[in-house]
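Below: one structure, written as structure tokens.
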Amino acid sequence: MAEPNTEEKASVSDVQVLDSEFDEDAMYAGVRLSWKSDVPADYYEVYRINQDQTKSLLGVSNTESFYINTLPRTDETNKSTFRVVPVNALLEEGTGSEITMEWPDNSLPKAAFTADLTLAKPGDKITFTSLCSPNTEKVTWTLKGADTESAEGDTVTVSYAEEGVYPVALKADNSSGSADASVENYIVITNKAADGLQLLSQGAATEADTFVNENEAPEFAVDGDKTKKWCATGSAPHEITIDLGSVQAVSAVDVYHAQAGGESTDMNTKSYAIYTSEDGAAFEEVRSVTKNTAGETHDTFAPVNAQFVKLVVNKPTQGSDSAARIYEVEVYGLKDTID
């Protein structure tokens, strides 16, 4: 065994953040670090310097680079300092070096909301749910025309007594400020919905950009059998278009992802968007989801008249797998149009 002080102690310099990527709420980051060492070390310890000046070990590298996956934001300084320390074969530390990375300012809240139902008959109960960012401290709703027109909280349940088209607005507050979200024609109350929403897509004609084979073709996404799927491989995005046969009122889409068919949760679609069109040529986005983990999703939107509904899978899985696995797409609305 080597005697103490017989192994060189390295000095680290020129620590750099080669690349950084933040989630949409700026609460997590992926960070790639690099550095230089005057002599080779046995390995390098990578630390995060905490706000109280203690340090937390992020990992160990035997090369002059390191990738930090899903680094959580832990304080309100908008900065993270990383320290790289070389260690020799005798477990002796050399001279370390630091770099400070700036986080995006996420002090202001982000405002968003959804509803379990946007097309309903008079008197139906509708539950609104806040989708505001985690730093939101107070949520205030404005629901014109509802039996409760103003409310606070992450969820609120109301009903509308009269036929009509109603706006919804939400305000998100915290100590740094506020943000607003609103949709002018979000809720449609009509006697045409007296029997509830109908499943419009089962057995409809489908078209997809690609599919693996005839056993995983797009028609299996609308056959009503959740043991069969449409599967598309290759580079994302992947898309499937459903032709309802005529223009009808559409207000919700349920998607059954990999887990619903018995596959791993890691295979559930991470990011997707829903588009509608009356003519199959001009499509409008009605819903976008970027952080899904669930095996079954229910997405509502302001009701529209449409014949074609397109699901675009932007990030097919939770990881690097680029295959889309969709066991069923259910489009809900009325077999009629709305004014």
Side-chain angles (χ1 to χ4, degrees), residues 24-25 108-134 136 138-174 177-193 196-197 200 247-255 271-278 282-292 297-306 308-312 314 330-334 336-339:
E24 62 185 88
D25 295 325
L108 290 174
K110 294 181 180 180
F113 60 84
T114 188
D116 64 341
L117 197 62
T118 59
L119 179 57
K121 69 178 185 296
D124 278 348
K125 295 294 185 181
I126 299 175
T127 297
F128 297 94
T129 301
S130 165
L131 299 178
C132 296
S133 55
T136 301
K138 179 182 177 182
V139 174
T140 304
W141 299 88
T142 301
L143 305 165
K144 292 181 180 179
D147 57 354
T148 301
E149 291 199 327
S150 182
E152 293 183 4
D154 288 337
T155 63
V156 58
T157 300
V158 302
S159 64
Y160 296 81
E162 303 292 335
E163 286 190 292
V165 181
Y166 298 94
V168 174
L170 172 149
K171 184 178 182 182
D173 286 290
N174 68 12
S178 64
D180 298 286
S182 62
V183 180
E184 187 62 28
N185 301 311
Y186 191 57
I187 301 297
V188 174
I189 303 299
T190 173
N191 287 322
K192 292 180 180 181
L197 298 185
L200 307 176
V247 176
Q248 301 170 52
V250 174
S251 66
V253 175
D254 289 359
V255 181
S271 172
Y272 62 91
I274 299 167
Y275 296 78
T276 62
S277 171
E278 288 196 33
F283 281 85
E284 179 180 357
E285 182 182 292
V286 293
R287 187 79 172 96
S288 176
V289 177
T290 59
K291 296 187 293 184
N292 177 60
T297 52
H298 175 67
D299 291 297
T300 60
F301 40 86
V304 294
N305 292 324
F308 301 88
V309 177
K310 180 187 295 185
L311 172 68
V312 177
N314 293 308
E330 296 179 343
V331 178
Y332 287 92
L334 301 177
D336 198 347
T337 58
I338 51 174
D339 298 330

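Below, each value reflects all heavy atoms present in this structure, side chains not excepted, and no hydrogens, waters or symmetry copies. Not measured: the values here are computed from a predicted model. The chain is numbered in sequence order, starting from 1.
- Side-chain contact check for Phe113 versus Val139: every heavy-atom pair is 4.5 Å or farther apart.
- Residues Leu143 and Val168 are in side-chain contact: their nearest non-hydrogen atoms beyond the backbone lie under 4.5 Å apart.
- Of all the heavy atoms in Ala302 and Val183, the pair that sits closest is CB-CG1, 4.4 Å.
- Separation of atoms CD (Glu285) and NZ (Lys310) is listed at 11.5 Å; rounding is to 0.5 Å.
- Contact check for Gln248 versus Val331: no side-chain heavy atoms found under the 4.5 Å cut-off.
- When all heavy atoms of Pro109 and Ser178 are compared, the closest pair comes out as CG-CA, 4.1 Å.
- Residue Ser277 holds its OG atom at 9.5 Å from CD of Glu284, rounded to the nearest 0.5 Å.
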Step-by-step side chain to side chain contact (heavy atoms under 4.5 Å, CB included) determination, Thr297 to Asp254:
CA-CA 6 Å; Thr297 52; Asp254 289 359; over 6 Å; no
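- Looking only at side-chain heavy atoms (C-beta outward), Ile189 and Glu162 stay at 4.5 Å or farther from each other.
- Residues Thr140 and Glu152 come closest through the heavy atom pair OG1-CG, 4.0 Å.
- The OG atom of Ser159 sits 11.0 Å away from the NZ atom of Lys121 when rounded to the nearest 0.5 Å.
- Note: Asn185 CG to Tyr166 OH = 12.0 Å, rounded to the nearest 0.5 Å.
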Could you check Glu24 against Thr290 for side chain to side chain contact (heavy atoms under 4.5 Å, CB included), going step by step and ending with a plain yes or no?
CA-CA 9 Å; Glu24 62 185 88; Thr290 59; 2.2 Å; yes
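- In this structure, NZ in Lys138 is found 13.0 Å from CG in Asp154, a value given to the nearest 0.5 Å.
- For the pair Ile126/Tyr160, a side-chain contact is recorded, criterion being any heavy-atom separation below 4.5 Å from C-beta on.
- In terms of heavy atoms, Ala120 sits closest to Ala193 at C-CB, 3.6 Å.
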Applying side chain to side chain contact (heavy atoms under 4.5 Å, CB included) to Ile187 and Phe128, what does each step give before you reach the verdict?
CA-CA 11 Å; Ile187 301 297; Phe128 297 94; 3.9 Å; yes
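- Between the side chain of Asp116 and the backbone N or O of Thr127 there is at least one donor-acceptor pair closer than 3.5 Å.
- Within the 4.5 Å cutoff, the side chain of Leu170 has heavy atoms near those of the Cys132 side chain.
- The closest donor-acceptor contact from the side chain of Lys192 to the backbone of Thr337 lies under 3.5 Å.
- Side chain of Thr118 to backbone of Phe301: a donor-acceptor contact under 3.5 angstrom is found.
- Residues Pro122 and Asn191 have side chains in contact (heavy-atom distance under 4.5 Å, counting atoms from C-beta outward).
- Thr300 is listed as a side-chain neighbour of Tyr186, based on a closest heavy-atom distance under 4.5 Å.
- The shortest heavy-atom contact between Lys110 and Ser133 is N-OG, 2.8 Å.
- In this structure, Lys144 NZ and Glu184 CD are separated by 7.5 Å, a value rounded to the nearest 0.5 Å.
- With hydrogens and angles disregarded, no donor-acceptor distance shorter than 3.5 Å links the side chain of Asn174 to the backbone of Leu108.
- Of the listed residues (Leu117, Asp299, Val286, Leu119), just one forms a side chain to side chain contact (heavy atoms under 4.5 Å, CB included) with Ser251, and that residue is Leu119.
- For the residue pair Thr155 / Thr129, no side-chain donor-acceptor distance below 3.5 Å is found, with atom types taken as modelled.
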